[in-house]
Colleague: 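Sharing a structure below in structure tokens format, with a few things to ask.
Owing to the predicted nature of the structure, the values given are computational and were not obtained by experimental measurement. In what follows, residues are counted from 1 in the order of the sequence shown.
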Amino acid sequence: MKRGLSGLLSIALAGFLVAAPAPMVSAPAQAKVIIQLQFGPGYGLKPLPGRYSCQTIGERLWNRGYRSIRVLDCRGSVYKYSARKEGWRWHVDVSSKTGRILGRYRIAR
């Protein structure tokens, strides 16, 4: 069976389309939040066994909606932070053992 030039071109084009790799689809970019705590006493100390680090507690506060987090003291069993939430600045006391907020006191607007 004799085919013309246009028939060969259409066959070659069809073969190319079938053999062409699928376009690569990249995954959507994920925003990575880096929490920068302002340093305070005890910030760089390695926590005692069974205790959370100062950075970890700061990240938990961030996840709870606090912003502009400042470390006041990360020594002992209670870590103290100053942070902004709901338009107010708060003094926040957190247990270094459980990571729970023990108390928060409104400082200023």
Colleague: Validate the cation-pi geometry between Arg84 and Trp90: distance from NZ or CZ to the six-membered ring centre under 6.0 Å, angle to the ring axis within 45°.
Modeller: no

Colleague: Check the surroundings of atom CZ in Arg100: do more than 12 heavy atoms from other residues, nucleotides or ligands lie under 6.0 Å from it?
Modeller: no

Colleague: Any chance you could pull the hydrophobic cluster mates of Leu102, using side-chain heavy atoms under 4.5 angstrom and chaining through other members?
Modeller: Val78

Colleague: Only counting residues at least two apart or in another chain, list the ones meeting side-chain hydrogen bond (donor to acceptor under 3.5 Å, both in side chains) with Ser95.
Modeller: Thr98

Colleague: Suppose clustering is done on Ile, Leu, Val, Met, Phe, Trp and Tyr with side-chain heavy atoms closer than 4.5 Å. Which residues sit in the same group as Ile107?
Modeller: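 So far as hydrophobic clustering goes, Ile107 is joined with none.
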
Colleague: The test is side-chain contact (heavy atoms from CB on, under 4.5 Å); show your working for Ile57 and Tyr81 and say whether it passes.
Modeller: CA-CA 10 Å; Ile57 298 294; Tyr81 297 86; 3.3 Å; yes

Colleague: Going by salt bridge (Lys or Arg N to Asp or Glu O under 4.0 Å), name the pairs with one or both residues in residues 86-97, residues two or more places apart or in two chains.
Modeller: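 Listed by first then second residue: Lys80-Asp93, Glu86-Arg104.
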
Colleague: Among residues at least two apart in sequence or on other chains, which ones pass salt bridge (Lys or Arg N to Asp or Glu O under 4.0 Å) with Lys85?
Modeller: none

Colleague: Going by side-chain hydrogen bond (donor to acceptor under 3.5 Å, both in side chains), name the residues that satisfy it together with Arg51, two or more places apart in sequence or in a different chain.
Modeller: Ser96

Colleague: Please give me the minimum heavy-atom distance between Tyr66 and Ile69, naming the atom from each residue.
Modeller: O-CD1, 3.9 Å

Colleague: Side chains of Tyr79 and Leu61: does their closest heavy-atom pair fall under 4.5 Å?
Modeller: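 Of all side-chain heavy-atom pairs linking Leu61 with Tyr79, none is under 4.5 Å.
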
Colleague: Do the non-hydrogen side-chain atoms of Ile101 and Arg64 ever get within less than 4.5 Å of each other?
Modeller: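 Of all side-chain heavy-atom pairs linking Arg64 with Ile101, at least one is under 4.5 Å.
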
